[in-house]
Amino acid sequence: MSRNWIAFPRTEGSASRQAHCDLPEGTFERELGREGFFGPATHMYHRNPPTGWIRFEGDLKPRAYDTTRLGVFGPTPWDASGLLHNARVKIRIWEMGNSMGQLARNADGDELLFIHQGSGHLYCDYGHLEVNEGDYIVLPRSTMWRLESEQPMRVLLVEATGGAYQLPDKGMLGPHAIFDPAVLDTPVIDERFRAQQGEDEWQVLVKRQGRVSAITYPFNPLDAVGWKGDLAPVRVNWRDIRPLLSDRYHLPPSAHTTFVANGFVVCTFAPRPFERDPGALKVPFFHNNDDYDEVIFYHAGEFFSRDNIHPGMVTWHPMGFTHGPHPKALQNAFEQKSEGTSEVAVMIDTRDPLEAGEQAGAIEWDGYVNSWKEEPNK
Ligand SMILES: [Fe+2]
């Protein structure tokens, strides 16, 4: 039986007819929304900023982690630092100083690599791909792969546990908007790939249900001479993403969706101009994203809606927590001093609540919950 939301748009008291625009004088707008910006929502107009708390106690509090403080990494992706996880997603940080001496294979789900720093080469079942800062690489479940570094690579790893990455439905924009599927690169069987084949002994570290098994071959199993099919790793750089924008309306983060997996989405915030309509909000609106936990990895640029955040940091806003622009950013809500934002960030919105990993506590910025205060040290 199909079900419908109990939906009945009403207006009570003083409110704007158009979300995120022309707010009643002196008010702060908060969106109370379901289904991650796609379900029923109400816009409420408050006298005070909804993040104006003076005390915040308990487990719900927003977290910020400084992953630049993670210093020691093991040689394989299975040694990466686990930051946040639930049954359907695992978010990890890994730095690979030297090239991988073993092959990795994730039997638990597709793996998404986002290259925060560094460059090198990916060798996998399907061939060779160059890897550079700002690349996303989707590795289908159980692909054998290894990285060779030219510059040490720091990588954000996002495992779609038990699931697969797909492209979002582009709806009325058509399939070529944001990025054309033709910009997705796939590995090639080139000279470099052939040159790494041979009779040396190679070990494959296969992760299944979080436990690693080692399979040893007396040759390099990345020995394909060709392949055909519609399953393959893909690479796309954030520079190939042409973000949606509206001159007259602040689009929700979901407009920046890059990949969809089971139980979560990955969005990319790429540089874009600010809205110009005098009545349109020019910073994210206050909201409860009540059905999703929100995680943002800050990659590069100036993060226009947050104060005191630098590249390599991660913020986590659990569902049920109201958030929005920081006080300094809020001053620019209707008047930005520059033409656009230079921020580059990866957002991971998860349908199920996340848990922090063991290594997260050591790099947590405890003062984050107070960063919405006008004077954060009070
Ligand atoms: Fe949010």
Side-chain angles (χ1 to χ4, degrees), residues 19-20 27-67 83-89 91 158 250-254 256-257 263-267 269 281 283-298 303-309 313-330 333 343 345-357 360-361 363-378:
H20 321 324
T27 65
F28 299 90
E29 182 194 63
R30 175 170 64 120
E31 179 172 298
L32 294 78
R34 305 297 300 276
E35 296 298 332
F37 308 106
F38 290 98
T42 282
H43 300 94
M44 201 155 287
Y45 298 90
H46 292 284
R47 291 181 195 281
N48 294 293
T51 50
W53 49 77
I54 53 167
R55 271 188 303 283
F56 200 119
E57 287 144 347
D59 215 23
L60 174 70
K61 71 175 190 173
R63 313 277 178 159
Y65 302 106
D66 185 356
T67 71
L83 207 55
L84 296 164
H85 63 270
N86 64 30
R88 297 197 279 182
V89 62
I91 302 169
V158 187
H250 188 87
L251 296 168
S254 45
H256 305 293
T257 306
F264 70 98
V265 297
V266 176
C267 307
F269 298 135
L281 256 183
V283 291
F285 42 91
F286 291 100
H287 60 281
N288 304 5
N289 188 359
D290 282 317
D291 288 322
Y292 281 79
D293 272 18
E294 296 182 0
V295 177
I296 300 183
F297 176 82
Y298 300 89
F303 304 110
F304 75 104
S305 69
R306 306 266 165 94
D307 305 340
N308 305 306
I309 293 287
M313 289 186 80
V314 168
T315 56
W316 168 30
H317 294 175
M319 57 186 81
F321 160 68
T322 303
H323 54 276
H326 276 97
K328 220 162 72 199
L330 194 56
E343 75 175 6
V346 176
M347 183 167 91
I348 302 148
D349 272 15
T350 69
R351 191 65 173 76
D352 308 324
L354 290 160
E355 303 266 350
I363 57 162
E364 184 169 351
W365 168 29
D366 288 325
Y368 183 55
V369 69
N370 296 323
S371 63
W372 279 270
K373 292 183 185 172
E374 293 286 344
E375 295 166 69
N377 296 328
K378 257 168 86 178

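This is a predicted model, so every value here is computed, not measured.
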Student: Could you check whether any side-chain heavy atom of F303 comes within less than 4.5 Å of a side-chain heavy atom of I296, counting everything from C-beta outward?
Tutor: no

Student: Tell me, do W365 and M313 make a side-chain contact under 4.5 Å, heavy atoms counted?
Tutor: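 A side-chain contact under 4.5 Å exists here.
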
Student: Sequence neighbours excluded, which residues qualify as side chain to side chain contact (heavy atoms under 4.5 Å, CB included) partners of T42?
Tutor: M44

Student: I need the Y298 OH to D66 CG distance, nearest 0.5 Å.
Tutor: 12.5 Å

Student: So, using salt bridge (charged side-chain N to carboxylate O under 4.0 Å, His left out) as the criterion, who are the partners of D291 when residues are at least two apart?
Tutor: R34

Student: Which residues satisfy the side chain to side chain contact (heavy atoms under 4.5 Å, CB included) test with A333, sequence neighbours excluded?
Tutor: L281, V283, L330

Student: Can you see which heavy atom on C267 is nearest to which on P253, and at what distance?
Tutor: SG-O, 3.9 Å

Student: What orientation do Y368 and H317 show, parallel under 30°, tilted 30 to 60°, or perpendicular over 60°?
Tutor: parallel

Student: Identify the heavy atoms of A360 and L83 that sit nearest to each other, and give their distance.
Tutor: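 Taking every non-hydrogen atom into account, CB-O, 3.8 Å.
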
Student: Classify the ring geometry between W316 and Y65 as parallel (under 30°), tilted (30 to 60°) or perpendicular (over 60°).
Tutor: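 Aromatic pair W316/Y65 classed parallel.
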
Student: Do the side chains of I348 and F264 get nearer than 4.5 Å, heavy atoms only?
Tutor: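 Answer yes - side chains close enough.
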
Student: What I'd like to find out is whether the side chain of P49 reaches to under 4.5 Å of the side chain of W372, using heavy atoms alone.
Tutor: no

Student: What are the two closest heavy atoms between L60 and G320, and how far apart are they?
Tutor: CD2-O, 3.8 Å

Student: Is there a donor-acceptor pair under 3.5 Å between the side chain of D293 and the backbone N or O of M319?
Tutor: yes

Student: Strictly distance-based, threshold 3.5 Å: is any side-chain N or O of K373 a donor or acceptor partner for the main-chain N or O of W53?
Tutor: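 Pair absent, no side-chain N/O of K373 close to backbone of W53.
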
Student: Could you list the residues that satisfy side-chain hydrogen bond (donor to acceptor under 3.5 Å, both in side chains) with E29, not counting sequence neighbours?
Tutor: H20, Y45

Student: Could you work out, with side-chain hydrogen bond (donor to acceptor under 3.5 Å, both in side chains) as the rule, every residue matching H323, not counting sequence neighbours?
Tutor: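 Partners of H323 by the side-chain hydrogen bond (donor to acceptor under 3.5 Å, both in side chains) criterion, ordered by chain and then number, come out as H287, E294.
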
Student: Considering all heavy atoms of both residues, which atom of P327 and which atom of S371 are nearest to each other, and what is their separation?
Tutor: CD-O, 3.7 Å

Student: Identify the two heavy atoms, one from P353 and one from N86, that lie closest to each other, and give their separation to 0.1 Å.
Tutor: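 Taking P353 first and N86 second, the nearest heavy atoms are O-CB, 3.3 Å.
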
Student: Decide if the gap between the ring center of F28 and the ring center of H46 is smaller than 6.0 angstrom.
Tutor: no

Student: List for me each residue that meets ring-ring contact (aromatic ring centres under 6.0 Å, His included) alongside F286, sequence neighbours excluded, and say none if there are none.
Tutor: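 Once residues adjacent in sequence are excluded, F286 has no partner under the ring-ring contact (aromatic ring centres under 6.0 Å, His included) criterion.
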
Student: Compare every heavy atom of N289 with every heavy atom of G36, then report the nearest pair and how far apart it is.
Tutor: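 Closest approach of G36 to N289: CA-OD1, 3.3 Å.
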
Student: In Å, rounded to the nearest 0.5 Å, how long is the span from CZ of R63 to OG1 of T315?
Tutor: 13.0 Å

Student: Is the shortest heavy-atom distance from the side chain of I363 to the side chain of V314 under 4.5 Å?
Tutor: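 Answer no - side chains too far apart.
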
Student: Got a donor-acceptor contact below 3.5 angstrom from the D349 side chain to the Y292 backbone?
Tutor: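 Flag not set: sc D349 to bb Y292 has no pair under 3.5 Å.
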
Student: Determine, stepwise, if the pair F56 / N370 fulfils side chain to side chain contact (heavy atoms under 4.5 Å, CB included).
Tutor: CA-CA 8 Å; F56 200 119; N370 296 323; 5.8 Å; no

